[in-house]
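Working notes, structure below.
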2 protein chains.
Amino acid sequence: MPGSEKEITIYDIAKKLNVSAATVSRALQNHLRVNKNTKKMIVKAAEEMGYRSNSFASNLRRKNSNIIGVIVPRLNSSFTSDVIAGIEKVVNDNDYNLIISQSLETMKKEINNAKAMLNNRVDGLLVSLAYDTINVEHFEPFIKRRIPVIFFDRVVEHDHYPQIYIDNFKAAYEITGHLIEQGCTRIVHITANVLRNVYSERLRGYKAALEKHGIQFDESLLFINDLSANASAITAQEILKMNPLPDGLFCANDASAVSCIQVLKKAGIKIPGDIAVAGFNNDPVSCVIEPNLTTINYKGFEMGEVAANLLINHLVNKNDLQQTHSLILRSELIIRESSAREK
Amino acid sequence: MPGSEKEITIYDIAKKLNVSAATVSRALQNHLRVNKNTKKMIVKAAEEMGYRSNSFASNLRRKNSNIIGVIVPRLNSSFTSDVIAGIEKVVNDNDYNLIISQSLETMKKEINNAKAMLNNRVDGLLVSLAYDTINVEHFEPFIKRRIPVIFFDRVVEHDHYPQIYIDNFKAAYEITGHLIEQGCTRIVHITANVLRNVYSERLRGYKAALEKHGIQFDESLLFINDLSANASAITAQEILKMNPLPDGLFCANDASAVSCIQVLKKAGIKIPGDIAVAGFNNDPVSCVIEPNLTTINYKGFEMGEVAANLLINHLVNKNDLQQTHSLILRSELIIRESSAREK
DNA sequence: TTGTAGGCGTTATCAA
DNA sequence: TTGATAACGCCTACAA
């Protein structure tokens, strides 16, 4: 039956053309020292015979896999899928392959993912850390084997791992400053686990902006949740109970801000009149919510491209990863109606 | 230096324990016929020595990869990332790995992706077709080699490929019927390339509902675009020029519906008073747009799980894929304010 | 229950 | 420029 054809190997091609397998191998890799005609002949025969290279054999022999691993907290978020799309593009353009797994925000699963990546012999690893990861020892086996590991977005300070992220401090500083300039003096900040740089830095930026404008940081205006729509709706209910109400709200992501706006509006609060609101990420929803959301724009797709390029350049050149310690991408404040007070 | 340690192989373990490599290999695979103590000893030594199996060698020998390939149009859409998350979960739980690539909606790239998947010796393939794919010949090499290929969501009728999708016809029939029941008689339908089942079926459902209620299909009420926010904003402008205006709008996805609502509202059109609107997908934005969007809910995560389970079951049992020809998942009409007319 | 030995398909070294 | 040959690390008849 036609389905059971045996796979063609370089030996089959060699036999057919009366050359050695070594020559076929060289021809197929575009090796320099192979006769032009021989090469042409071999490539043609390979095509005709339906040859496809066996990457296992090749990887086994060459001791690398051409596979890049990615570990992210979750795949189904607008930001993450943008990042992955950017990574995939670069990786694919460079004839690498992509293995992806998600930690589902737990360190436990992240450790397992890392093990699987190691066993799959990835040539390099891109990681955005889980919510509760408290150390990065599980990536040490990679360092020992000189397999580059690069952190992006959710990073951790460490000599061995280059990092790619945005200046979360500056972004939060700017957006909080903006709220203050709109006349806000009691600004609630909703953020997540400050173990993660992205949240601790945003908190730091928030505090710095307050201080700059002579506003005292008030612990009771700080809320920590997981920034999901559900959790933030609950937090919004608590905010409604505050007396006096705050006049500003800075959420560490857009999903949280949108959820809060919905709850607050339903309770009759005017946005931005009573409470000016700002988010973070420039998710698609930020242009759909009414009023449109003031937020920080930073391009996940670009972050993915940059991370993948850094990794692949290193894999190809084997030299420049030690120098690059961190890479900070651009972000920008986008002012929309949710924070635009009439003066 | 510590970083350059050589990888441990089963031979290293064998030598250390004075057994044969074959025994080590068997012990590590939990083979039946291995002495319990020997096994215990070997597993312990492997652990201590930092052994990790070399999947290339193993794959080369066993002629399978434990890798599942996924090709999707784009990674960065809410629906797709849900699907991928579902696939990843199942695949990971079953100790398979995932290679992902995106066709960016072009058949050309899809063909390349398929080739790469073939070279990577995936054990099976999950595919959602690109926008302009006109045939599926590029998947035939998989069939020839008995590598299962399963289509999901954007499928094509074909004997060799099982399909997983929702009843797009029925869903569109229901949602159009709902609009009609709300009093709509001139309902615009915006959809995409009817080459793809998801769009042709939705169109068919739309037409069937009209006919059922004695409304003649009007070609001038049908718009084809790529359903992006930008394209749909332009289409909405055209709708505004119609005279008389339509009184209903059914978009084949939520992004399109949301974009239209935004343009129409800005032009002073009342939703649902002047025009009742419905979308498709139940994207997160559908609960953020005002008024909230009537839509069809279907779970991408679940579709991913089902697809991956079907594939893996087949890979493990090697028998039941021929029988399963198509698998239709549940979907439901969700009625929200965008279509709820006062009576 | 364990060991021997050959081969999976490729690449790299060395020699011709 | 080409060929012979030996790995790469694992798995599995087959034999013991």
Side-chain angles (χ1 to χ4, degrees), chain A residues 4-43 45-46 49-67 95 97 118-123 145 147, chain B residues 4-43 45-46 49-67 95 118-123 145:
Chain A
S4 331
E5 296 155 21
K6 187 176 136 298
E7 288 288 339
I8 306 295
T9 72
I10 51 174
Y11 279 94
D12 299 322
I13 300 176
K15 202 179 298 170
K16 177 155 182 180
L17 299 181
N18 266 318
V19 293
S20 76
T23 303
V24 174
S25 173
R26 282 187 284 248
L28 259 20
Q29 308 172 59
N30 247 315
H31 208 282
L32 294 168
R33 275 184 256 280
V34 70
N35 183 290
K36 269 197 175 177
N37 292 325
T38 326
K39 187 186 296 182
K40 205 176 289 176
M41 187 175 76
I42 290 172
V43 169
M49 299 169 72
Y51 168 81
R52 54 180 192 142
S53 147
N54 184 320
S55 51
F56 302 141
S58 169
N59 292 341
L60 175 61
R61 184 55 229 243
R62 293 180 313 148
K63 293 174 173 300
N64 67 16
S65 65
N66 262 40
I67 293 176
D95 292 316
N97 286 97
L118 202 65
N119 280 334
N120 277 288
R121 300 293 207 271
V122 295
D123 285 349
R145 296 176 164 91
I147 300 169
Chain B
S4 330
E5 295 156 22
K6 186 176 137 294
E7 288 287 340
I8 306 294
T9 72
I10 52 174
Y11 281 93
D12 299 321
I13 300 177
K15 201 179 297 171
K16 177 155 181 179
L17 299 180
N18 267 317
V19 293
S20 75
T23 303
V24 175
S25 173
R26 283 188 282 250
L28 259 20
Q29 307 172 59
N30 248 313
H31 209 280
L32 293 167
R33 279 183 253 280
V34 178
N35 182 291
K36 270 199 174 175
N37 293 325
T38 326
K39 186 187 293 182
K40 205 175 288 175
M41 186 176 79
I42 290 173
V43 170
M49 299 169 73
Y51 168 80
R52 53 183 192 138
S53 147
N54 184 320
S55 52
F56 302 141
S58 166
N59 292 340
L60 176 60
R61 185 52 230 254
R62 296 180 313 150
K63 294 173 174 299
N64 68 13
S65 65
N66 262 42
I67 293 176
D95 292 318
L118 201 66
N119 280 334
N120 276 289
R121 299 295 207 272
V122 295
D123 285 349
R145 294 176 166 91

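Order of the sequence lines sets the chain letters (A, B, ...), proteins ahead of strands, with each chain counted from 1.
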Q. OP1, OP2 of C/dT4 versus side-chain N and O of B/Ser20: anything below 4.0 Å?
A. no
Q) Between B/Tyr51 and D/dC10, does any side-chain N or O lie under 4.0 Å from OP1 or OP2? A) yes
Q.
Can you tell me if A/Ser25 touches the phosphate of C/dT11, counting only side-chain N or O atoms and a distance under 4.0 Å to OP1 or OP2?
A. yes
**Q.** Nearest-0.5 Å distance, CG of residue A/Asn119 to CG of residue B/Asp95
**A.** 10.0 Å
Q: Could you please name the option among D/dT2, C/dT10, D/dT12 that lies closest to any side-chain atom of A/Arg33?
A: D/dT2
Q | Non-hydrogen side-chain atoms of A/Val24 and A/Tyr11 separated by less than 4.5 Å | A | no
Q. Looking at C/dG9, does its base get a donor-acceptor pair with the side chain of A/Arg52 below 3.5 Å?
A. no
Q | Candidate nucleotides C/dT1, C/dG3, C/dT10, ranked by approach to the side chain of B/Thr38 - the nearest | A | C/dT1
Q: Using a heavy-atom cut-off of under 4.0 Å over every strand shown, decide if A/Ser58 touches base, sugar-phosphate, or nothing.
A: sugar-phosphate
(Q) Looking at every non-hydrogen atom in both residues, tell me the closest pair between B/Glu7 and B/Asp12 and how far apart they are. (A) O-OD2, 3.7 Å
Q: Among D/dC14, C/dT11, D/dC10, find the nucleotide with the atom closest to the side chain of B/Arg26.
A: D/dC14
(Q) Tell me whether the side-chain N or O atoms of A/Arg61 pair up with the base of D/dA7 as donor and acceptor below 3.5 Å, since no angle test is needed here. (A) yes
Q. Which part of the nucleic acid, if any, lies within contact of A/Ser53, taking any heavy atom under 4.0 Å across all strands shown: a base, the sugar-phosphate backbone alone, or nothing?
A. sugar-phosphate
Q.
At 4.0 Å (heavy atoms only), tell me whether A/Tyr11 reaches a base, stays on the sugar-phosphate, or touches nothing.
A. base
Q: Work out which heavy atom in A/Ala21 is nearest to a heavy atom in A/Ala14; give both atom names and the distance.
A: N-CB, 3.6 Å
Q: Locate the shortest heavy-atom distance separating A/Asn59 from A/Asn64; write the atom from each residue and the value.
A: OD1-O, 2.9 Å
Q: Would you classify B/Arg62 as touching base, sugar-phosphate or nothing, given that sugar-phosphate means primed atoms plus P, OP1 and OP2, and contacts are heavy atoms under 4.0 Å?
A: sugar-phosphate
Q: Output the single nucleotide from D/dG9, C/dT2, C/dA12 whose closest atom is nearest the side chain of B/Thr9.
A: D/dG9
Q: With the side chain of A/Lys63 defined as its heavy atoms from C-beta on, choose the nearest nucleotide among C/dA5, D/dG9, C/dT2.
A: D/dG9
Q: Could you pick out which residue, B/Ala57 or B/Lys39, lies toward the 5' side of DNA chain C when each is mapped onto its nearest nucleotide?
A: B/Lys39
